[in-house]
Asker: 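I'd like to ask some things about the structure below.
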Amino acid sequence: QVQVVESGGGSVQTGGSLRLSCAASGYEFFSNCINWFRQAPGKEREGVARIYTRTGITHYADSVKGRFTISQDSAKNTLYLQMTSLKPEDTAMYYCAATPVKLLPSACTDDWSAYTHRGQGTQVTVSS
């Protein structure tokens with residue numbers, strides 16, 4: 001059974017840092033698009049940072065550019081989201097989602113529905 005599991009969320013103060021992890025069992029992240037999404041109460045889910053694991057090419061939402069870094073450890077089949085200089089507006093449930101590139105019509109996307117494997121989320125709360 002395929003499972004994608006996020007971890008590393010928590011509560012921090014403004015300016016703090018957290019590192020989220022996304023691990024898969026029964027599934028290889030190679031040649032996948034993997035996206036970190038987040039959803040705050042009352043807001044739409046948004047793509048925050050994504051990576052094409054085959055090439056390492058990354059993309060970031062403007063709101064997190066320069067503060068968040070997505071990376072991968074292929075040996076551990078794990079993705080990370082390093083978050084620094086956190087702000088209260090970063091408070092949200094963070095989700096990891098993966099899909100094989102071959103299933104996409106073109107490039108990696110921020111369309112949640114395009115991702116075939118999604119985790120249950122990890123909560124990040126930033127207090128002022």
Asker: Checking the side chain of T91 only, and the main-chain atoms of V126 only, is there a donor and an acceptor separated by less than 3.5 Å?
Answerer: yes

Asker: Between CD of E28 and OG of S74, what distance do you get to the nearest 0.5 Å?
Answerer: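 Here the rounded value is 9.5 Å.
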
Asker: Got a sec: does the CD of E89 have more than 12 other heavy atoms crowding it under 6.0 Å?
Answerer: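 Yes, enclosed.
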
Asker: Is there a path of hydrophobic side-chain contacts, each under 4.5 Å between heavy atoms of I/L/V/M/F/W/Y residues, joining I70 to L20?
Answerer: yes

Asker: How many angstroms lie between atom CG of D111 and atom SG of C33, to the nearest 0.5 angstrom?
Answerer: 11.5 Å

Asker: Out of F37, Y115, W36, W112, which one pairs with Y95 under the ring pair (Phe, Tyr, Trp, His ring centres under 6.0 Å) rule?
Answerer: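 Of the listed options, the one satisfying the test is W112.
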
Asker: Show the nearest heavy-atom pair for residues S71 and L79, with the distance to one decimal.
Answerer: O-CD1, 3.1 Å

Asker: For A114, does its backbone N or O pair with a side-chain atom of T99 as donor and acceptor, under 3.5 Å?
Answerer: yes

Asker: How many angstroms lie between CE in M93 and CD in Q39, if you round to the nearest 0.5 Å?
Answerer: 9.5 Å

Asker: Would you mind reporting whether V2 and T116 have side-chain heavy atoms less than 4.5 Å apart?
Answerer: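 No; the side chains remain at least 4.5 Å from each other.
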
Asker: Quick check: closest heavy atoms across L86 and L18, and the distance to 0.1 Å?
Answerer: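 Of all heavy-atom pairs spanning L86 and L18, the closest is CD1-N, 3.9 Å.
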
Asker: Could you check if a side-chain atom of R38 sits within less than 4.5 angstrom of a side-chain atom of V64, using non-hydrogen atoms only?
Answerer: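 Yes. Closest side-chain heavy atoms under 4.5 Å.
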
Asker: Is it true that a side-chain atom of T53 and a backbone atom of S31 form a donor plus acceptor pair closer than 3.5 Å?
Answerer: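 Yes, T53 side chain to S31 backbone: donor-acceptor pair under 3.5 Å.
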
Asker: Can you give me the closest heavy-atom contact between S85 and S17, atom names plus distance?
Answerer: N-OG, 4.4 Å

Asker: Between T84 (side chain) and R67 (backbone), is there a donor-acceptor pair under 3.5 Å?
Answerer: yes

Asker: Locate the shortest heavy-atom distance separating A92 from Q123; write the atom from each residue and the value.
Answerer: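 Taking A92 first and Q123 second, the nearest heavy atoms are O-NE2, 3.4 Å.
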
Asker: Between T14 and S127, is there a donor-acceptor pair closer than 3.5 Å when you use the side chain of the first and the backbone of the second?
Answerer: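 A pair under 3.5 Å: yes.
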
Asker: Mind running side chain to side chain contact (heavy atoms under 4.5 Å, CB included) on Y60 and T69 for me, showing each step along the way?
Answerer: CA-CA 8 Å; Y60 297 91; T69 303; 3.8 Å; yes

Asker: For K65, I'd like to know if atom NZ has over 12 heavy atoms of other residues, nucleotides or ligands within 6.0 Å.
Answerer: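 Count over threshold, so yes.
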
Asker: Taking all atoms of both residues into account, what is the closest heavy-atom pair of G47 and D110, and its distance?
Answerer: CA-OD1, 3.8 Å

Asker: Any non-hydrogen side-chain atom of T122 less than 4.5 Å from a side-chain atom of S7?
Answerer: no

Asker: Could you check if a side-chain atom of C22 sits within less than 4.5 angstrom of a side-chain atom of V4, using non-hydrogen atoms only?
Answerer: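 Yes, at least one pair of side-chain atoms sits under 4.5 Å.
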
Asker: Give, for atom OG1 of T125 and atom CD of Q13, the distance between the pair rounded to the nearest 0.5 Å.
Answerer: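 These two atoms lie 12.5 Å from each other.
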
Asker: Among the clusters formed by ILVMFWY side chains lying less than 4.5 Å apart, do V12 and M83 turn up in the same one?
Answerer: yes

Asker: Taking P88's backbone N and O only, do any of them form a donor-acceptor pair with D90's side chain (distance below 3.5 Å, no angle check)?
Answerer: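 Checking the backbone N and O of P88 against the side chain of D90, no donor-acceptor pair under 3.5 Å is found.
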
Asker: So, taking the atom named OH in Y52 and the one named CG in N32, what distance separates them when rounded to the nearest 0.5 Å?
Answerer: 9.0 Å

Asker: Could you tell me whether the side chain of E6 reaches within less than 4.5 Å of the side chain of Y94, counting heavy atoms only?
Answerer: no

Asker: Would you say that I51 contacts Q72 through its side chain, given a criterion of any heavy-atom pair below 4.5 Å between the two side chains?
Answerer: yes

Asker: Backbone N or O of V5 within a donor-acceptor pair of the Q120 side chain at under 3.5 Å?
Answerer: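 Such a contact is absent between Q120 side chain and V5 backbone.
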
Asker: Any sub-3.5 Å donor-acceptor pair from N77's side-chain atoms to S25's backbone N or O?
Answerer: no

Asker: Is Y80 linked to F68 within one hydrophobic cluster, defined over Ile, Leu, Val, Met, Phe, Trp and Tyr using a side-chain heavy-atom separation of less than 4.5 Å?
Answerer: no

Asker: For T109, is there any backbone N or O sitting under 3.5 Å from a side-chain donor or acceptor partner on N35?
Answerer: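 Yes; at least one donor-acceptor contact below 3.5 Å.
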
